[in-house]
Asker: 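Got a structure for you, written out below as structure tokens; questions coming shortly.
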Amino acid sequence: QVQLVESGGGLVQAGGSLRLSCAASGRTLSGFAMGWVRQAPGKEREFVSAISRDGSTTIYADSVKGRFIISRDNAKNTVHLQMSTLKPEDTAVYYCAARFAYYSTAVTRLVSQYTDWGQGTQVTVSS
């Protein structure tokens, strides 16, 4: 099990940028594929982006492709989500999630496959 703590959320105007961070403790992140998942009020959790153990593979939801970039630093046990050109529909609580991965390049967009979660950080985009 790995403990995850998100930071970097806040209030931003449409068109602005935010950088979310996820810091891990308890275990090294190098064994885990990592993802970002968001949940807007009244909606189910929605996949945003994921990155493989070795950072070589990244995937994005169509709604954020070209605007968000996921990255990781295994030496610092952190994962980041750089969000640009933010839109009001990006408003949500953003969660960092981990899934132990046997294969270094494996990633998943299936929210149900993530086993460890942070507490979330609120992102609010005003129009």
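Side chains are part of it too, since the values below use all heavy atoms of this structure and drop only hydrogens, waters and symmetry mates. What you are looking at is a predicted structure, and each value in this text was computed from that prediction instead of being measured. This chain uses plain numbering: 1 for the first residue, then up along the sequence.
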Asker: Is the backbone of Gln3 close enough, under 3.5 Å, to the side chain of Arg27 for a donor and an acceptor to pair up by distance?
Answerer: no
Asker: Quick one: does any side-chain atom of Tyr60 pair with a main-chain N or O of Ile70 as donor and acceptor, under 3.5 Å?
Answerer: yes
Asker: Nearest heavy-atom pair of Ala24 and Leu4: which atoms, and what distance?
Answerer: CB-CD2, 3.8 Å
Asker: Nearest 0.5 angstrom please: Ile51 CD1 to Met34 CE, how far?
Answerer: 9.5 Å
Asker: Donor-acceptor pair, Ser104 side chain versus Asp54 backbone, under 3.5 Å?
Answerer: no
Asker: Starting from Val79, can I reach Trp117 by hopping between I/L/V/M/F/W/Y residues whose side chains sit under 4.5 Å apart?
Answerer: no
Asker: Testing the 3.5 Å rule here: is there a donor-acceptor pair between the side chains of Arg99 and Tyr114?
Answerer: no
Asker: Which value, rounded to the nearest 0.5 Å, describes the distance between Leu81 atom CG and Phe68 atom CZ?
Answerer: 6.0 Å
Asker: Ala23 and Thr78: which non-hydrogen atoms are nearest, and at how many Å?
Answerer: CA-CG2, 4.3 Å
Asker: Would you check if Ser52 and Tyr103 make a side-chain contact, meaning some heavy-atom pair closer than 4.5 Å?
Answerer: no
Asker: Atom OG of Ser63 and atom CZ of Phe47: how far apart are they, to the nearest 0.5 Å?
Answerer: 9.5 Å
Asker: When rounded to the nearest 0.5 angstrom, what distance separates CD in Gln113 from OG1 in Thr108?
Answerer: 4.0 Å
Asker: Is there a donor-acceptor contact under 3.5 Å linking the side chains of His80 and Ser21?
Answerer: yes
Asker: Is a side-chain donor or acceptor of Arg19 paired with a backbone partner of Gln82 at a separation under 3.5 angstrom?
Answerer: no
Asker: Starting from Val111, can I reach Tyr94 by hopping between I/L/V/M/F/W/Y residues whose side chains sit under 4.5 Å apart?
Answerer: no
Asker: Is the backbone N or O of Gly120 less than 3.5 Å from a side-chain atom of Glu6, with the two atoms forming a donor-acceptor pair by type?
Answerer: yes
Asker: When you check the gap from the basic side-chain N to the acidic O, do Lys65 and Asp62 get nearer than 4.0 Å?
Answerer: yes
Asker: When clusters are formed by joining ILVMFWY residues with side-chain heavy atoms under 4.5 Å apart, either directly or through shared neighbours, do Ile69 and Leu20 land in the same one?
Answerer: yes
Asker: Are Met83 and Val37 connected into the same hydrophobic cluster when the rule is that any two of I, L, V, M, F, W, Y join if their side-chain heavy atoms are below 4.5 Å apart?
Answerer: no
Asker: Any donor-acceptor pair under 3.5 Å linking the side chain of Asn77 with the backbone of Leu29?
Answerer: yes
Asker: Compare every heavy atom of Ala92 with every heavy atom of Ala40, then report the nearest pair and how far apart it is.
Answerer: N-CB, 3.8 Å
Asker: Any sub-3.5 Å donor-acceptor pair from Thr124's side-chain atoms to Leu11's backbone N or O?
Answerer: no
Asker: What heavy-atom pair brings Ser127 and Pro88 nearest, and what distance separates the two atoms?
Answerer: CB-CG, 3.8 Å
Asker: My understanding is that only one of Leu18, Val125, Val48 makes a side-chain contact (heavy atoms from CB on, under 4.5 Å) with Asp90; could you say which?
Answerer: Val125
Asker: Judged by atom type as modelled, is there a donor-acceptor pair below 3.5 Å linking the side chain of Arg45 to the main-chain atoms of Tyr95?
Answerer: no
Asker: Taking Leu86 as the starting point, is it possible to reach Trp36 by hopping between hydrophobic residues whose side chains are less than 4.5 Å apart?
Answerer: yes
Asker: So do the side chains of Val93 and Arg38 get within less than 4.5 Å of each other, counting heavy atoms only?
Answerer: no
Asker: Can you name the closest pair of heavy atoms from Ala98 and Phe32 and give their distance?
Answerer: CB-CD2, 3.8 Å
Asker: May I ask you to decide if Ser30's main-chain N or O and Arg53's side chain share a donor-acceptor pair within less than 3.5 Å?
Answerer: yes
